[in-house]
Amino acid sequence: MTAIGKKELVRTLEETGKLLELKGENPFKCRAFYNAARNLEMQEEEPQALVASGRLAEIKGVGKALQEKIVELVETGRLEYYEQLRSEFPDTLFDLFRVPGLGVKKVKAIYEKLGVASLGELEYACTENRLALLEGFGEKSQAKVLQGIAMVKRFRGRFLYSQARAEGQRVLEPLCGAPGVVQADLCGSLRRCKETVADVDLVASAGDPAAVLDALAALPGVEKVLERTDTKCRILLDSGIEVDLQVVPEEAFPAALAVLTGSKGHVAALKAWAKKKDYELTEAGLSRSDGEAVPCDSEAALFEQLALEWIPPELREATGEIEAAAEGALPKLIEPSDIQGIFHVHTTYSDGADTIEVMAREAQKRGYHYLGIADHSQSAFYANGLSEPRVRQQHEEIDRVNAKLKGITILKGIEADILPDGSLDYSDAVLASFDFVVASVHSSFGLSEEAMTARLCRALENPYTTMLGHPTGRLLLSRESYALDMEKILQAAQKHGKIIELNAHPYRLDLDWIFCKEARKRGIPISINPDAHETAGFDDVQYGVAAARRGWLEKGNVFNTQSVEQIKKRLGSS
DNA sequence: GCCGTTTTCGGCCCGACTGTTTTCAGTCG
């Protein structure tokens with residue numbers, strides 16, 4: 001039986017709704033699929049458990065027909081109804097939904113009236129001005145669509161770090177155990193924890209490369225072998241991600257690992273550094289200028305030979321790490337275990353799937369000492385944002401849970417919408433009732449750079465703002481950052497003593513690591529926040545920590561590495 | 001397709017923003 005996850009189920013139901021809408025079905029029928037998908041997304045239990053326990057029927061919006069479909073999907077991993085619908089449209093049509101501003105109605109019009117069913121065709125139609133002439137579209141939407149297509153093309157063939165790492169581990173683990181393999185590791189941008197990557201790079205050492213390459217090709221999940229030489233192999237996984245494996249002799253592994261980890265700029269600088277020290281560094285190993293090989297049994301030993309501190313892969317971006325390593329001045333990077341508590345999690349009060357108590361118990365289980373609840377604020381209708389009476393209600397519940405649980409402190413927070421003018425969407429009296437306020441933008445993304453910068457700066461001036469949430473609003477591989485001047489925002493944060501969030505959700509990782517470095521220089525504390533909407537969301541903290549490490553952050557630069565006492569002092573609550 | 005009764009079909013429906021219109025439809029969070 002294929003174990004189908006909640007995400008997959010929700011996606012299939014949403015797509016079914018879209019397909020029905022494309023067909024021109026009754027809009028309420030389409031909505032039934034969207035509603036069911038939304039309500040299922042809010043469930044704590046995985047679909048399989050829901051089916052097994054018979055609780056599926058109790059979920060609002062799931063009637064007899066949808067129950068049958070969900071059971072089919074959960075039990076067989078497929079849904080005939082969905083596949084039938086899907087086969088009625090060209091596969092490429094769904095790419096159009098990735099263009100911002102194109103929803104079902106517009107895609108339907110484009111498909112039916114222009115006969116356009118792929119991104120390439122749409123781009124061509126735009127250059128011929130045909131989209132602008134279509135009813136319901138105009139010059140501006142055509143320009144926006146062209147911009148959107150350019151973005152989608154740029155992101156095509158790239159994967160989120162979280163997904164790529166899972167796929168990398170899926171291949172690496174069996175490979176480590178394959179006969180003849182001495183060592184194997186991830187390398188490339190994945191080892192550097194880059195927020196998005198193009199593929200999975202692996203390096204292994206073995207006496208017989210062919211046997212290792214055979215083992216790779218035979219792994220489950222390998223769709224096909226794309227390329228193969230005596231020592232290298234490139235395969236395609238069923239997830240769509242490509243994996244590159246290079247096999248080297250045992251003695252070459254440390255040098256190969258260092259060189260293949262990159263980045264290009266870092267390796268060039270490392271090679272130049274080696275040369276200056278009368279060495280030559282290549283994938284094949286380290287040697288003296290006279291050609292004599294210098295054995296190194298690990299990457300750390302290789303760096304030591306070069307009179308450098310070992311440089312963590314996250315820092316290998318050619319931004320001064322070699323000079324720092326030479327001076328023994330590398331930062332002591334933050335570790336996941338440094339995180340003492342969590343801010344910015346959602347609960348069932350707004351759009352989260354778990355209750356305050358469930359989230360708190362999970363945080364406690366994971367060894368955290370405090371948990372800052374930050375549900376959506378009142379103007380976030382779409383996310384069931386909290387009206388003022390519901391804020392009071394939540395505070396009473398937090399008091400109750402705090403009294404009940406020992407060893408963890410639940411803090412009263414809110415993720416307050418920053419309105420277009422930069423104000424927050426509660427009265428001062430209500431804002432004053434929170435222990436902390438995460439101020440975030442969730443609307444009017446299209447402001448000019450000037451207006452958006454002023455908006456964020458004003459939010460940072462607000463005495464009730466504790467930290468700025470997901471500062472650029474980007475969604476990796478799907479939405480660009482809104483226009484803003486980050487320098488000015490960092491200046492404002494510094495001036496007003498505010499914290500900036502590093503949103504750890506793998507789609508966001510916002511603040512970007514480049515600006516983490518800048519924030520560190522200015523002494524602006526960064527808070528690594530999972531923005532969790534269910535207990536599983538706590539897992540995302542690791543991605544935030546990885547991004548923080550790329551930004552040279554140490555324990556002392558990160559707000560939520562502090563103890564609960566320090567946090568309370570800073571937040572002014574007792 | 002779901003829900004809730006008025007037991008057998010009619011109603012279902014977030015608001016701001018954008019860009020298209022010339023009063024509104026579509027998208028988005």
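As the structure is a computational prediction, the values presented were derived from the model and not from experiment. Lettering of chains follows the sequences in order, A, B, ..., and the numbering in each one begins at 1.
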Nearest-Å distance once atom [atom1] is located in both [N] and [M]:
N: B:dC2; M: B:dT8; atom1: C1'; value: 14 Å
N: B:dG10; M: B:dT20; atom1: P; value: 39 Å
N: B:dC12; M: B:dT18; atom1: P; value: 29 Å
N: B:dG11; M: B:dT6; atom1: P; value: 15 Å
N: B:dC13; M: B:dC3; atom1: P; value: 12 Å
N: B:dT22; M: B:dA16; atom1: P; value: 24 Å
N: B:dT21; M: B:dT27; atom1: P; value: 15 Å

Review point. NA contact type, A:Lys144, heavy-atom cut-off 4.0 Å: base, sugar-phosphate, or nothing?
Key: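 No contact.
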
Review point. With a non-hydrogen cut-off below 4.0 angstrom, is A:Tyr81 in contact with a base, only sugar-phosphate, or nothing?
Key: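 The answer is sugar-phosphate, as A:Tyr81 gets under 4.0 Å only of primed atoms, P, OP1 or OP2.
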
Point to revise | Sole residue of A:Lys105, A:Lys106, A:Lys108 in salt bridge (charged side-chain N to carboxylate O under 4.0 Å, His left out) with A:Glu21 | key: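 Output: one option passes, namely A:Lys105.
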
Practice item. Name the orientation class of the two ring planes belonging to A:Phe436 and A:Phe343 (parallel below 30°, tilted from 30 to 60°, perpendicular beyond 60°). Key: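 Perpendicular.
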
Check your understanding: Whom does B:dT18 pair with, Watson-Crick or G-U wobble, provided both distances fall under 3.5 Å?
Key ->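 When the pairing criteria are applied, B:dA25 turns out to be the nucleotide that pairs with B:dT18.
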
Exercise for review: Kindly check if the number of other-residue, nucleotide or ligand heavy atoms within 6.0 Å of CD (A:Gln147) is above 12?
Suggested key: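 No, the 6.0 Å shell around CD holds no more than 12 heavy atoms from other groups.
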
Measure from the side-chain N and O atoms of [X] to the backbone N and O of [Y], and report whether any donor-acceptor pair falls under 3.5 Å.
X: A:Asp540; Y: A:Ala504; answer: no
X: A:Asp95; Y: A:Ser118; answer: no
X: A:Arg390; Y: A:Tyr349; answer: yes

Exercise for review: Just do the side chain to side chain contact (heavy atoms under 4.5 Å, CB included) check on A:Tyr161 and A:Leu190 with the steps written out, would you?
Suggested key: CA-CA 7 Å; A:Tyr161 170 73; A:Leu190 188 54; 3.7 Å; yes

Practice item. Before accepting this row, confirm whether a basic side-chain N of the pair A:Lys6/A:Glu534 lies closer than 4.0 Å to the acidic partner's carboxylate O. Key: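 Yes, A:Lys6 and A:Glu534 are salt-bridged.
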
Review point. Given that A:Leu475 and A:Lys69 both sit by DNA chain B, which one's nearest nucleotide is further toward the 5' end?
Key: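 Taking each residue's closest nucleotide, the earlier one in sequence belongs to A:Lys69.
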
Any residue in [range] with a heavy atom nearer than 4.0 angstrom to DNA chain B? Just list them by number, or reply none.
range: residues 17-40 of chain A; answer: A:Asn26, A:Phe28, A:Lys29, A:Arg31, A:Ala32, A:Phe33
range: residues 440-461 of chain A; answer: A:His442, A:Ser444, A:Phe445
range: residues 124-139 of chain A; answer: A:Gly136, A:Phe137, A:Gly138, A:Glu139

Practice item. Would you confirm whether the ring centroid of A:His470 sits within less than 6.0 angstrom of the ring centroid of A:His505? Key: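 Judged by ring-centre distance (under 6.0 Å), A:His505 and A:His470 do not meet the cut-off.
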
Exercise for review: Kindly state whether the ring of A:His395 and the ring of A:Phe434 have centres lying under 6.0 angstrom apart.
Suggested key: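 Aromatic pair counts; centres sit under 6.0 Å.
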
Donor-acceptor list for residues 444-451 of chain A side chains, cut-off 3.5 Å, not counting sequence neighbours:
residue  : atom : partner  : partner atom : Å
A:Ser448 : OG   : A:Ala451 : N            : 3.1

Check your understanding: When rounded to the nearest 0.5 angstrom, what is the spacing between CG in A:Asp435 and OG1 in A:Thr466?
Key ->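 If we round to the nearest 0.5 Å, A:Asp435:CG and A:Thr466:OG1 are 9.0 Å apart.
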
Show which side-chain atoms of residues 56-68 of chain A pair as donor or acceptor with protein atoms under 3.5 Å away, not counting sequence neighbours.
none

Exercise for review: Under 4.0 Å from any heavy atom of chain A: name the first and the last nucleotide of DNA chain B that qualifies, 5' to 3'.
Suggested key: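 Nucleotide range in contact with chain A: B:dG1 to B:dG29.
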
**Study point:** Worked verdict on A:Lys153 versus A:Glu123 for side chain to side chain contact (heavy atoms under 4.5 Å, CB included)
**Key:** CA-CA 11 Å; A:Lys153 276 170 129 181; A:Glu123 188 172 28; 2.8 Å; yes

